Structure formats: structure tokens, C-alpha cells
Amino acid sequence: MIITIDGPAGSGKSTAARLLAERLGFEFLNTGAMYRAIAFRVLAQGIDPSDDERVVQCAESAAIRFEKGRLTLDGDDITDAIQSESVSLAASQVAVNPAVREVLVGLQRRAAEGKRMVSEGRDQGTVVFPGAEAKFFLTATAECRARRRQAELAQRGEEVEFESLLATIRERDERDVSRAVAPLVPADDAVEIDTSEITVAELVDQLATCVRDRL
Ligand code: C5P
């Protein structure tokens with residue numbers, strides 16, 4: 001059984017997906033972290049994120065593993081390192097590449113085999129798990145999402161100006177929405193929720209109620 005939660009950066013998907021998975025006793029898959037891992041590897045190897053051929057080679061040879069809430073790349077724990085703004089931007093660049101998406105979609109489907117899973121990203125309900133039992137699409141204003149991102153980065157000791165975060169969020173939104181393969185759009189059968197004015201606890205309650213009603 002699969003539950004998908006898609007939406008733009010800062011819409012609250014990761015936190016909500018993790019908490020919903022905990023509440024239901026499901027596994028949790030953060031697919032944005034996979035694109036970030038490839039971006040991290042690309043940057044570490046000095047590859048230009050728009051160099052399609054080298055980026056694909058980099059994705060094909062990467063060993064990405066999730067274990068106990070941590071992400072490792074080629075055996076190194078990169079959970080915290082992939083949260084930086086430079087990795088965010090590079091992730092949205094490598095995510096435009098169809099061959100990179102193919103590699104990661106394969107990993108995502110394999111990760112879900114035989115499992116009960118809450119999977120979050122941009123294309124989980126539309127492309128990766130079109131037959132998912134429950135689908136959600138979260139939204140929030142760009143300002144609200146930039147504010148959340150600022151608080152998240154501050155907690156990690158990274159101080160970034162609000163205006164610069166807002167500009168990055170808009171740039172990522174634009175790239176995610178307009179790309180040719182697996183653009184960011186709600187699945188026809190997704191429940192859409194605006195998270196701008198609600199707390200995380202309220203959101204998770206709402207998701208859990210919807211899931212119960214649909215099963
Ligand atoms: O969700 P997060 O902000 O960590 O994702 C980083 C980037 O990875 C996004 O800006 C998006 O371009 C890309 N992504 C994607 N498809 C997914 C998950 C993330 O294209 N399923």
C-alpha cells in the first residue's frame with residue numbers, strides 16, 4: 001500500500017510524510033533527498049549540473065541508501081550536507097534530466113516493493129506510483145514556504161536572507177513546473193491541501209483522517 005505526498009519546496013511534505021508514516025506504522029521515502037544526493041555528488045566531483053551526460057554517469061554509479069532516517073552516499077552519511085541552498089538549486093537542475101529521473105524512479109519503485117510506504121516528492125502520485133491508494137498534493141504561498149525554509153536553515157546554523165530564499169524557491173518552482181518530464185502537477189485523483197495557515201499537527205491529522213476514509 002502506497003500513500004503519495006507531492007508538492008513544491010517548503011509545502012510541508014517531508015515533515016508531514018514522516019509523521020504520517022510514523023503514525024500509520026508505514027515506511028517513509030524522501031525522494032527529494034535522492035535528487036539532492038545526486039546533486040551533492042555532481043558538485044563534489046566538480047561536474048556542471050547542466051552537463052547531462054556526466055550527470056547521468058554520476059547518477060548511475062551512485063550508491064544511495066536510506067537507513068534509520070539517515071542517507072548515505074557511497075558509504076558516507078550526507079543527511080545534513082544535502083540540506084544546503086547550493087545543493088537545493090543543483091538538485092532542481094539535475095532533476096530536469098530524464099535519464100537521471102529514470103535511474104531514481106527505478107530506485108524508488110524498488111524501495112517500495114512489498115512495503116507499506118508514504119512517499120513524498122514532486123511526481124510520486126503522477127508518475128512513480130500512479131496506482132497509489134491515497135494521494136495528496138500540498139501547497140502554500142511562496143512567502144510562507146520561504147519563511148519555513150529560513151527557519152529550517154537557521155536551525156542548522158545557516159543564515160540566509162528571506163529575499164534570496166524567496167527567489168530560489170520561485171526559481172525551483174518554475175523549473176519543476178515547466179520541465180518536460182514529470183513536471184510538478186497534482187495527480188487528477190490527489191487531495192489538495194493548502195498548508196499556509198495550518199500547523200503540522202493539524203495537517204497530519206487531516207492526512208490521517210483522509211487515509212482512513214479512503215481505505
Ligand atoms: O523536496 P526537495 O526540496 O528536497 O527536492 C529537491 C529538488 O529535487 C526539487 O527542487 C525538485 O527539483 C527535485 N525533485 C524532483 N522529483 C522528486 C523529488 C524532488 O524533481 N520526486
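Just so you know, ligand 1 is whichever comes first in the structure, and atom 1 is the first atom listed for that ligand. Bear in mind that the values here come from a model prediction, so they are computed numbers and not experimental data.
Near Lys13, meaning under 4.0 Å from one of its heavy atoms, ligand 1 places the atoms 1 (O). Within the listing of ligand 1, atoms 18 (C), 21 (N) sit less than 4.0 angstrom from a heavy atom of Gly121. Each of the atoms 9 (C), 10 (O), 11 (C), 12 (O) of ligand 1 lies under 4.0 Å from some heavy atom of Asp176. Listed by atom number, the atoms of ligand 1 under 4.0 Å from Ser92 heavy atoms are 10 (O), 12 (O).
When hydrogens are left out, the protein atom nearest atom 7 (C) of ligand 1 is Ala91 CB, 3.8 Å; that is the closest non-hydrogen contact. The protein atom (non-hydrogen) at minimum distance from atom 8 (O) of ligand 1 is Tyr35 CB, 3.5 Å.
Every heavy atom of Gln93 sits 4.0 Å or more from the atoms of ligand 1.
If you look at Gln124 next to ligand 1, the close heavy atoms, those under 4.0 Å, all belong to the side chain. By the criterion of a heavy-atom distance under 4.0 Å, neither the backbone nor the side chain of Met34 is placed next to ligand 1. Residue Arg122 touches ligand 1 through backbone and side chain together, judged by heavy-atom distances below 4.0 Å. Residue Arg179 touches ligand 1 through its side chain alone, judged by heavy-atom distances below 4.0 Å.
Of the options Arg36, Gln108, Arg172, the smallest heavy-atom separation from atom 10 (O) of ligand 1 is shown by Arg172. Proximity annotation for atom 13 (C) of ligand 1: of Ala33, Ala95, Ser119, Gly10, Ala95 comes nearest, heavy atoms only. Nearest-residue assignment for atom 16 (N) of ligand 1 (options Gln83, Arg101, Glu171; heavy-atom criterion): Arg101.
Salt bridge status for Arg23 with Asp205: present, with a side-chain N to carboxylate O gap under 4.0 Å. In this structure, Asp48 does not pair ionically with Arg54, as no charged nitrogen and carboxylate oxygen lie closer than 4.0 Å. Of the charged side-chain nitrogens involved, at least one lies within less than 4.0 Å of a carboxylate oxygen, so that Arg149 and Glu152 count as a salt-bridged pair.
Counting heavy atoms from C-beta on, the side chains of Ile2 and Lys135 never come closer than 4.5 Å. Residues Thr195 and Thr139 form no side-chain contact, since every pair of their non-hydrogen atoms from C-beta on lies 4.5 Å or further apart. The closest side-chain heavy-atom distance from Phe136 to Val211 is below 4.5 Å. Within the 4.5 Å cutoff, the side chain of Met117 has no heavy atoms near those of the Met1 side chain. The shortest side-chain heavy-atom distance between Glu85 and Leu165 falls under the 4.5 Å cut-off.
Of all non-hydrogen atoms in Glu143 and Phe162, the two that sit nearest each other are O-CE1, 3.6 Å.
Polar contact with ligand 1: present for Thr31 (N/O pair, distance under 3.5 Å).
With Asp176 contributing its side chain and Leu184 its backbone, the two residues share no donor-acceptor pair below 3.5 Å.
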